[in-house]
Protein chains: 2
Amino acid sequence: MKSNKEEKPYDVSRYRTPDGYTSDIAVFTITSEKTKAYAPPKMELKLMLIKRAQQDTEGNLNIEPGKWALPGGFVTPEETAMEAASRELEEETGIAGIHLKHFGVYDEPGRDPRGWIISNAHYAIVPEHRLFERKAHDDAAEVELFPVQDLEQHLLAFDHASIIRHAITHITRDLLQTTVAKQFLPELFTYSELQAVLLTITDDKSIQNEQAFARKIKTLPFIEAVEGQKTQRTSKLPTQLYRFIDAEVKQSIYTARH
Amino acid sequence: MKSNKEEKPYDVSRYRTPDGYTSDIAVFTITSEKTKAYAPPKMELKLMLIKRAQQDTEGNLNIEPGKWALPGGFVTPEETAMEAASRELEEETGIAGIHLKHFGVYDEPGRDPRGWIISNAHYAIVPEHRLFERKAHDDAAEVELFPVQDLEQHLLAFDHASIIRHAITHITRDLLQTTVAKQFLPELFTYSELQAVLLTITDDKSIQNEQAFARKIKTLPFIEAVEGQKTQRTSKLPTQLYRFIDAEVKQSIYTARH
DNA sequence: CTTTTAATTAACATTATGTTAATTGTTAAT
DNA sequence: ATTAACAATTAACATAATGTTAATTAAAAG
């Protein structure tokens with residue numbers, strides 16, 4: 001904030017102020033399908049949306065009814081938008097303590113017919129198994145997981161189509177350029193499980209190639225093999241387990257291979 | 001926004017609303033110092049800050065006077081925060097049409113003593129030569145460029161110390177992982193000029209090494225050599241000029257070298 | 001004519017990758 | 001007991017990229 005010429009100190013009443021500040025959440029999960037025993041799973045990235053009801057619980061007509069929308073709600077003055085996201089997510093789905101990341105603000109005039117409402121958007125990563133906790137809580141809205149590919153065809157509320165496109169762009173970039181893939185995986189995982197996560201959002205040849213990827217994972221500075229820990233969940237042959245370690249990742253496009 | 005149980009449609013008056021929505025801008029420039037003729041310049045990344053006045057032009061006491069702060073101001077309902085950033089930047093410095101990027105929102109309760117004020121933060125890149133246009137406009141506040149290293153020691157307004165740390169983190173990452181370095185350079189540039197820009201924020205060995213970097217630039221898919229275009233501004237030997245081309249850059253930490 | 005210097009090229013050992021093939025350890029069927 | 005199946009792992013090797021050191025080039029400046 002600069003000291004604006006028209007500004008009187010401590011008096012903000014002269015400005016028109018926003019009619020609301022909301023927090024929206026793009027909830028991603030990866031569903032795993034076991035095609036058979038002792039084989040790596042097929043994975044698919046999905047986004048959770050809720051269907052807006054015709055009317056709220058007080059019987060009032062709802063805005064944008066019947067359309068699919070991101071979960072979210074109004075932020076209160078006692079919390080940050082990220083705290084609100086966490087709270088809303090728990091109210092909506094019963095899931096607490098999950099990974100959240102801010103990725104954008106939506107403040108285009110007219111984006112919300114109710115007034116000047118600013119949306120602070122986050123994406124969340126929920127491991128598939130934690131979604132089972134959800135069932136008990138979905139008392140209100142219709143909730144559904146959509147594969148990220150076929151989202152375009154659905155009728156979305158407000159400017160959520162645009163927000164969702166950005167969310168997918170951001171999570172895709174973060175999966176490739178940060179260690180956030182960790183959030184989709186168990187503490188210990190095999191090379192093929194990590195590979196399956198990455199292949200939900202990329203067709204990179206070096207990641208598709210099993211031999212190359214299995215060789216590469218051993219040299220990554222932010223992943224370590226866990227001595228003596230093996231699993232048979234992806235193959236009959238007991239397979240090495242890995243874990244992410246805290247290591248700064250800063251990769252330059254000017255030194256990387258292309 | 002979900003259809004909250006307590007929500008009446010089209011009636012937002014029941015919620016407490018923010019007292020203000022501001023747009024702040026971390027204005028970066030790289031200053032070039034020519035140590036001698038026919039040699040690459042020494043470059044340094046700097047951040048522009050303004051010193052908050054004791055009182056505004058109406059003679060009222062100002063808030064957080066004497067502290068250094070990011071330029072910025074209140075967003076109006078007819079514009080986005082980015083448009084406000086662009087407008088404020090022009091009002092403040094007379095510079096129009098420069099590169100802006102959103103990097104965060106600051107909404108911690110109590111961050112601004114004037115009330116519930118949400119800051120939407122951007123960084124801006126201004127080529128050094130465009131700062132000369134500034135002189136005429138700095139009618140009001142004291143403006144100064146600070147090397148990004150020694151910012152910690154200055155007294156900063158509000159939570160701007162924190163915002164500035166994030167701004168530096170983001171521009172550093174973007175310089176290495178996107179082609180935004182383009183914004184600091186002329187249309188055509190030599191390998192040593194690009195190298196000098198990158199070395200303002202990294203000590204990566206492969207970028208420091210001249211031979212390696214000069215060899216590498218020729219293979220980067222997002223940069224092309226401009227046929228027959230050479231310059232002598234960095235050396236006596238006429239030097240090849242390059243330009244950025246539009247090419248999607250998506251680099252994975254799982255395939256890159258470490 | 002000589003020195004100076006950034007850019008460029010050369011050379012070569014080292015390391016990483018792409019690719020194809022073989023080996024391993026286990027399950028499950030015969 | 002033997003064998004087929006198969007994901008993981010290792011091996012092998014040609015190709016490509018990188019790190020490093022050194023030589024060459026072209027122009028300026030004395």
Side-chain angles (χ1 to χ4, degrees), chain A residues 32-43 188-197 199 203-221 223 225-242 251-258, chain B residues 32-43 188-199 202-221 223 225-242 251-258:
Chain A
S32 288
E33 190 197 348
K34 272 209 108 47
T35 54
K36 53 184 168 182
Y38 305 107
K42 295 272 173 293
M43 294 190 181
L188 303 182
F189 53 88
T190 69
Y191 86 92
S192 62
E193 289 170 335
L194 172 57
Q195 183 189 30
V197 167
L199 290 179
D203 57 359
D204 187 306
K205 292 291 185 294
S206 305
I207 294 176
Q208 282 179 339
N209 184 314
E210 287 135 39
Q211 282 90 336
F213 194 74
R215 180 171 56 191
K216 185 79 182 183
I217 197 174
K218 295 175 191 160
T219 71
L220 296 175
I223 290 180
V226 185
E227 289 297 313
Q229 288 286 309
K230 303 212 169 193
T231 183
Q232 282 186 284
R233 64 177 180 254
T234 62
S235 110
K236 294 164 189 168
L237 196 162
T239 306
Q240 181 61 53
L241 286 167
Y242 297 87
Q251 186 55 42
S252 161
I253 57 172
Y254 298 99
T255 58
R257 289 194 166 197
H258 290 277
Chain B
S32 288
E33 189 198 348
K34 272 208 109 47
T35 54
K36 53 186 167 182
Y38 304 107
K42 295 272 173 294
M43 294 188 181
L188 304 182
F189 53 88
T190 69
Y191 86 91
S192 62
E193 289 170 334
L194 172 58
Q195 184 189 30
V197 167
L198 298 177
L199 290 180
T202 186
D203 56 1
D204 187 306
K205 292 291 184 295
S206 305
I207 294 177
Q208 282 179 339
N209 183 315
E210 286 134 41
Q211 281 89 337
F213 194 73
R215 180 171 57 191
K216 184 79 182 183
I217 197 173
K218 295 175 189 159
T219 70
L220 296 174
I223 290 180
V226 185
E227 289 296 313
Q229 289 285 310
K230 304 212 170 191
T231 183
Q232 282 186 281
R233 65 177 178 252
T234 61
S235 104
K236 295 164 188 168
L237 196 163
T239 306
Q240 181 61 54
L241 286 166
Y242 296 87
Q251 185 55 42
S252 161
I253 57 171
Y254 298 99
T255 58
R257 289 194 166 198
H258 289 276

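Computation of the quantities below employed the complete heavy-atom set of this structure, encompassing side-chain atoms and omitting hydrogens, waters and symmetry-equivalent molecules. Residue numbering restarts at 1 for every chain, and letters A, B, ... go by the order of the sequence lines.
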**Study point:** N/O (side chain, Thr234(A)) to phosphate O (OP1/OP2, dA8(D)) under 4.0 Å
**Key:** yes
Exercise for review: Just call it for Lys36(B): base, sugar-phosphate, or nothing, with non-hydrogen atoms closer than 4.0 Å on any strand.
Suggested key: sugar-phosphate
Review point. Do other residues, nucleotides or ligands put more than 12 heavy atoms under 6.0 Å from the NZ atom of Lys34(B)?
Key: yes
Point to revise | Nucleotide opposite dG25(C) in a Watson-Crick or G-U pair, distances under 3.5 Å | key: dC6(D)
Review point. Tell me: OH of Tyr191(B) to C1' of dT9(C), nearest whole Å?
Key: 12 Å
Exercise for review: Please identify each residue that fulfils side-chain hydrogen bond (donor to acceptor under 3.5 Å, both in side chains) with Thr234(A), with sequence neighbours left out.
Suggested key: none
Check your understanding: Does the side chain of Lys218(A) get closer than 4.0 angstrom to OP1 or OP2 of dT10(D) through an N or O atom?
Key -> yes
Review point. Once you round it to whole Å, what is the distance between P of dG18(C) and CD of Glu210(A)?
Key: 14 Å
Review point. What's the CZ-P distance between Phe213(A) and dT10(D), to the nearest Å?
Key: 16 Å
Check your understanding: Pro221(B): what forms a side-chain contact (heavy atoms from CB on, under 4.5 Å) with it, not counting sequence neighbours?
Key -> His258(A)
Study note, to complete from the structure: Sorted by chain and residue number, the ring-ring contact (aromatic ring centres under 6.0 Å, His included) partners of Tyr254(B) (sequence neighbours excluded) come out as Phe222(A)
Check your understanding: With sequence neighbours left out, what residues match Ser235(B) under side-chain hydrogen bond (donor to acceptor under 3.5 Å, both in side chains)?
Key -> Thr239(B)
**Study point:** ring-ring contact (aromatic ring centres under 6.0 Å, His included) against Tyr191(B), all qualifying residues, sequence neighbours excluded
**Key:** none
Study note, to complete from the structure: Expected string for nucleotides 17-30 of chain D under the B/S/- scheme (protein heavy atoms, under 4.0 Å, primed atoms plus P, OP1, OP2 as sugar-phosphate) is SBBBBB--BSBSS-
